[in-house]
Amino acid sequence: MLFTFPEQAVDGTRQTPSTSNPYPQHTGQEQGKEDKPGSEDQPQDGTQFSGSVQEQGKEKQSDSEDEPRDQSSSSGSAMHLDENEEMIITNIRATDVALGLRRLPAGFYIMVCHSGLEWRTENKPSSVNDDVVEWSGSIPLPSGLSAIVRLELYASFEFWPMLGTGECLRKLTIAVEQVLDRNANGVPFTFFARDGIVVSPCPSIFVTIKRSKCRRSDPSAPRDLVPFRSTTEPRDELEDATNKGHGALSRYRKHGGKKDLERSITAFEWALGACPPNHPCRAAAQSNLAMAKFILCQVEDRDVSLEVPLGLFRTALVTRPVGHVDRPSTLIHLAMVHFARFEKRRDEVEGARGEALLREAMELSSTGSHENRAAAFLLRLHAGRRVDPVHASHQSLVELHSPSPIMDDDPRNLGVHLLRRFQRFGDLADLQQAIALLQRSVRSSVWNARDHVELGNLGIALWHRFQCLGELSDLEDAISTLRDAVDLVPHGHTYKPGWLSNLGTSYIARYKRFGGVSDLEDAISTLRVAVNLISHGHHDKPDCLSNLGVFLRFRFERFGQLSDLEDAISTLTDAVDLGSSRPNKAKYLNNLGSSFGMRFERLGELKDLEETISTLRDAVALYPHGHPDKPDCLGNLGLSIQLRFDRLGQLSDLEDSISTLREVVNLIPYGHTDRPRYLGNLGNSLATCFQRLGKLSDLEDAISTLRLAVDLCPLGHPSKLGYLRQLGDSVGLRFRHLWQLSDLEDAILILRDADNLTPRGHPDKPLSLNSFGNSLRARFERVGELSDLERSVSMLRDAAVLTPHGHPQKPLHLTHLNISLIARFNRLGELSDLEEAISTLRDALELTPHDHPHKAFCLHSLGNSFFIRFRHLGEPRDLENAILMSRDAIDLTPHDHLQKHYRLNGLGNSLITRFMHLGELSDLENAILAHRGAADLIPHSHAKRHDCFANLGISLITRFECLEKLSDLEDAISLFSNAVNLTPHGHPDRPRHLTDLGMSFVSRFKRLGELSDLEDAITLYSLAASTPVGPVNDRFHASQKWISCARHIRHRSLLHAYATAIAILPQLAWVGLSLKHRYTELKQGTDVVREAAATALDAGLPETAVEWLEQGRSIVWGELFQLRSSHEELSSAHPDHARRLLDLSAALDSAGATREKSLPTFLEQAQDSETLQQVADRHRMLAIKRDKLLQEIRRFPGFKRFLLQKDFSQLRASAHSGPVVFLNAAESRCDALVVLADVDHVIHVPLPKFNFQRSTGLRNVLGKLLHGRDMGSGDREGGQATRRGLSWESLLSALWSGVVKLVLDALAFSDPGDLSRIFWCPTGPFVFLPFHAAGLYGTQHSSPGHKVFDFVISSYVPTLSILAQPPNPRVASSSGLRLLVGSGG
């Protein structure tokens, strides 16, 4: 019989294979309390029981029990052991082991433990009628009478091979003396029912002991059982997880706690994940998980979840063929799931399948076995419950799914029958039986020319099993078998082309698995031979042509040669023309339509897409209802219609696509191997619908559908990765809509698994990188962890690079890269990120056709990028481009599109910014209209609703400031309040909204004069500045607002405001930024630090002033110098962390130095072709790693303040070489603050002759004097300066009288000549003044005592910490430390 494979049309969303395990790693945490020795069984009272046994077993004693002394005297002879005598357990008998057992046992065994070893008896089955199970074998006992022995009775649920220990039925810990006592008196150990259960397994155990002379020298003595393992030997993780699962499931069956059931599922899931596909115990792991899942389905009464245990039991059954000892129990469990579905749906097919499975189980199991009895009981139970409201004859359905008695005698016919039935219903059990029968038929005969039929059918069956389970051995066997069939069939035989076609299809399957070009070429050449062998009018010609066309299309996908695709379309067109009257014409049209779709994706010609849809509609119309290939064709049609929606944006196409894909899912029977694929396609379309319309119900349906697809798809299946990625994307969409952190973490976990399981070079790698990168950016936006953003940029850059030019996903990947680059620019301010983002978007826009729905997204993103560059650089052309592109994006976006509000917001922001620069009132009014439209359009449940309110509030308060209409201000306050209320604590946007609300209260205070408004603003600003998350610039801006308001009314929080602002400064000048950028950011804080010190002095806190000046002047490099003095302490306590910190600091400094090189110098010295961008990326990642390492160190006891700012008591020790004088110039006052190592307070020297304006004026004088000298016209310029009252003498005398003399007097330096060291640490305009030369230089002051160098030797230091003495000189000599002074003029 000739079988021709119907080649499925290409599915745009089908995924490629992966054999990796998607189950999460076991964490080693306890999954629930297990049955421990402390909960051992309690032996019942007995007249021969000794006192010691009662202690071990914690028995209840009866009044008539013998005392230990009496027991010893009555059997003293039994207790005595000769020196050369040993004791051996020869037999163990247990009664009623299956009594009350809640699971179907495969066997029972005993474990004996003592002396650090375990012995395990054979796993022995029992029948229903067995009252006693008996084990024989020699197990030695320890020689000491008081030695402890533990006996454990287990039930196993697979006979061989066993996985784990099974369920523990009884545990007994006793002394050797007690075992001998019971053995001598013929008394068994008897037990109470456990845990209050009326009926428990195994009420008694009897142990037979034999005493004999030592057998070491007796070679004829029976051999002992070999110890199974050491009791201290750790169990492997697979066995440990399985045992945990059995223990939790046993507890659930006894006590009914659902948490135990969930723990058992968790453990069994991990066990299955840890069990590779070829592991001999995989079927056992699948059965364990299936049983626990099945119980959970019954508990939760969820019919749809039965798909999971059904698939697991079916897969387990495949690996337990006829003759396998555990096949009957697996058949029974599978039947139970079918019966459960029958109960839910009243579907007679389910009932019939269950009955057929139970009958097979009865045939394979012996009469009286537990399996036989269970199968018979379930059949009777089902017969009693069955209600058939639809079919008049239930028996007919059973016969449809049962082998015909006529065929039972011929394994060939029966095998073919089962293979056909599998192709019809997709039942793996049928396929497994078919393979077993066909293999038996092939092995039972000597090959001849007629045997090619059996070989060919066996090859087809093996191919099917490979498609279902992904086992490579099946594919290799299929190819080998089909080769033999081809070799055996005579040349010219009518079957030869068919076997060649099937062989070519098997080559293609292997090509899809491994990508070997030779397999693809062999497939095409094999099909060409088959096509040439078939005469033009032969009925099989269209089939071969169709397969050849599909294979040519695969080669086009591999190499991109358009000629292959054209040949494929031509060949498939011939198949359609030749097969116009054939029943397979629908299949030919399906393949042809899919090829037209591929040409559309390559060339972008809409006529190809229309041809695709038209051809697939014709194919669907030709398929009769119920045809097994109809769902596949419908699925391709649905995907093609969605492709047209993606291209043209017509909502009707999306609705048609979803409707079609729903129909596909409804056509596929539960349990069918292709069901996950159709669920995945439907879920993807529902997610697209949500992105278009924003209906949360669509997204929830998408997530549940995709989750089901993931659950139903077998491990290692090629499509599993795609479903995981689509599920992660959909959960990520829900996070962006609802902003629930749990959704984000779930999405990241799912997408991380998908990306890790997708190898480099896999065609879907760009998709997985894109999805994972987007999720990491989302977490950065939510949590603010910079490492997430760095990884996002890296992954999205890789995704864009790996996506071929011309690929339809290329523009989308470039756009997502732009978004992450913009996010990084907003966080770090690196202009290179902004420029790369704009360049990337330009490329994306050029690659996107004008009428493509993605065009609006590109335009909006590029407009936003121009807007950000305008705010940074102030180029008017950027603002005009932003407005133009935002308008174009809005024009291309339908009114009901979910993204419309984003685009309106973007336009409104650009318009209001133009109003602020040009003052055109129409821009302001249009901005308000755009922002109001966005607020009206955004769904009520959307997580970004607060942004719409805030933007509209900014527009209204801007109009209030322009027109002074109080209602605008009140509306703005209301909108800002709503934005704050909608933004949860910990959200990075909360500081910005709090600041906006505070700003509106300040505006109302200015208008109405209500002091409460200003106080409310101070509260809001303080909350915004003190929030630990959010952009650092937003928080610093809030702190500045807070300071301004608090200074205005001398608010009690003013010092706190300054402290908060200064604490934020190190984050502004983050060590991962370039040196130039860090300096630019730090300049924002120079005035803050000086004014903070002045405020502290006003409050009488000179020590606080010094601490703040120190902190503000050494934001970055001061930490590096502190490392010198702190390293030795860290190295002593935590040497590994100390070494890592030094290594990271050195690498960070080296990378930072490389970034500062000019481009020509960099290119000249660059190694390994590393680009400047890569250097910058590496620099940032090193900084992130260093920050995380410092966080670890600060968690150690005693290191909480490691490398953080020191207080004054620690700082003053640095002034060991002489006084350090801070010179501070603020708007309100100027002061000198003197620090001495041996003085516990600051010597405060006010400078009443100086203020900020005077110090700035002297700095300008110095500049003019120096300018004249540098110009080479010192006489002329100097003379002019002198005539204007500007001279060196006047400058230096002002410094002497106004500053230096006051400091020297405060230090009591009154005697010239005794030169001491003094260190000047100036701030602000003081930085540029020559205090080392201050003095009176007239002839009347020529004697000593009128100049600073008469009293002291002056030095300048940028900060006090630089003078700290390192404890280890070798550490002090660290090279490469560069200075960044934080408070220049």
Side-chain angles (χ1 to χ4, degrees), residues 766 769-770 773-774 777 780-781 789-790 792-803 805 807 809-850 852 854-893 899 902-914 917 1031 1033 1073-1074 1076-1077 1080-1081 1155 1159 1171-1177 1180:
L769 286 168
N770 180 71
N774 286 333
R777 181 185 65 243
F780 163 77
E781 293 168 354
L789 185 57
E790 290 294 328
S792 172
V793 171
S794 175
M795 288 182 173
L796 292 171
R797 189 178 279 132
D798 287 347
V801 170
L802 291 174
T803 306
H805 194 75
H807 192 284
Q809 294 293 323
K810 183 86 171 182
L812 189 63
H813 293 173
L814 289 169
T815 307
H816 289 158
L817 173 58
N818 161 270
I819 296 171
S820 286
L821 287 167
I822 289 294
R824 192 165 72 181
F825 170 77
N826 288 335
R827 171 64 178 83
L828 302 178
E830 296 281 8
L831 191 59
S832 59
D833 281 336
L834 181 57
E835 297 300 340
E836 183 185 357
I838 292 174
S839 173
T840 299
L841 246 298
R842 289 187 191 278
D843 293 341
L845 199 61
E846 290 177 3
L847 292 172
T848 308
H850 181 72
H852 196 288
H854 183 66
K855 189 81 170 183
F857 184 29
C858 286
L859 285 167
H860 166 73
S861 299
L862 185 55
N864 182 57
S865 301
F866 280 129
F867 172 69
I868 291 171
R869 189 166 70 178
F870 167 78
R871 290 199 306 179
H872 190 73
L873 301 178
E875 177 60 47
R877 183 175 56 186
D878 282 336
L879 184 57
E880 295 302 323
N881 285 336
I883 294 172
L884 178 64
M885 292 187 176
S886 293
R887 291 191 190 280
D888 289 345
I890 290 170
D891 292 342
L892 291 174
T893 306
Q899 304 298 318
Y902 282 116
R903 289 151 203 181
L904 286 167
N905 265 330
L907 175 61
N909 293 340
S910 297
L911 287 170
I912 200 167
T913 301
R914 189 167 69 179
H917 281 76
N1033 283 292
L1073 301 174
S1074 67
K1076 178 182 178 181
H1077 188 185
T1080 300
E1081 292 291 337
R1155 291 185 71 178
L1159 183 59
T1171 66
L1172 273 173
Q1173 181 62 59
Q1174 290 170 330
V1175 172
D1177 292 345
R1180 283 189 295 269

Anything under 3.5 Å between a donor and an acceptor, one on a side chain of residues 856-864, the other on a protein residue two or more places apart or in another chain? List them.
| residue | atom | partner | partner atom | Å |
| --- | --- | --- | --- | --- |
| Ser861 | OG | Phe857 | O | 3.0 |

Original post:
Does the side chain of Leu879 reach to within under 4.5 Å of the side chain of Phe866, using non-hydrogen atoms?
Top reply: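 Result no, sub-4.5 Å side-chain heavy-atom pair not found.
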
**OP:** State, with a plain yes or no, whether a side-chain heavy atom of Ile890 is found less than 4.5 Å away from one of Arg887.
**Re:**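 No, side chains not in contact.
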
Original post:
Do any N or O atoms from the side chain of Ser910 and from the backbone of Ile883 form a donor-acceptor pair under 3.5 angstrom?
Top reply: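 No, because the side chain of Ser910 does not come within donor-acceptor range (under 3.5 Å) of the backbone of Ile883.
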
Subject >> Full working for side chain to side chain contact (heavy atoms under 4.5 Å, CB included) between Asp878 and Phe867 >> reply: CA-CA 6 Å; Asp878 282 336; Phe867 172 69; over 6 Å; no

Original post:
What heavy-atom pair brings Lys810 and Thr803 nearest, and what distance separates the two atoms?
Top reply: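 Result for this residue pair: NZ-O, 2.9 Å.
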
Which donor-acceptor pairs under 3.5 Å do the side chains of residues 837-846 make with protein atoms, sequence neighbours left out?
| residue | atom | partner | partner atom | Å |
| --- | --- | --- | --- | --- |
| Thr840 | OG1 | Glu836 | O | 2.7 |

Original post:
With no hydrogens and no angle check, do the side chains of Asn774 and Ser792 hold a donor and an acceptor under 3.5 Å apart?
Top reply: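 Side chains of Asn774 and Ser792: no pair found under 3.5 Å.
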
Original post:
Is it true that Phe870 and His917 have ring centroids separated by less than 6.0 Å?
Top reply: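 Phe870 vs His917: aromatic centres under 6.0 Å.
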
Subject >> Derivation of the side chain to side chain contact (heavy atoms under 4.5 Å, CB included) call for His805 and Leu847 >> reply: CA-CA 9 Å; His805 194 75; Leu847 292 172; 3.3 Å; yes

Original post:
Only one of Arg827, Arg824, Arg797 clears salt bridge (Lys or Arg N to Asp or Glu O under 4.0 Å) with Asp833; which?
Top reply: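 When salt bridge (Lys or Arg N to Asp or Glu O under 4.0 Å) is applied between Asp833 and each of Arg827, Arg824, Arg797, only Arg824 qualifies.
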
**OP:** Could you go through the side chain to side chain contact (heavy atoms under 4.5 Å, CB included) check for His813 and Leu796 one step at a time?
**Re:** CA-CA 7 Å; His813 293 173; Leu796 292 171; over 6 Å; no

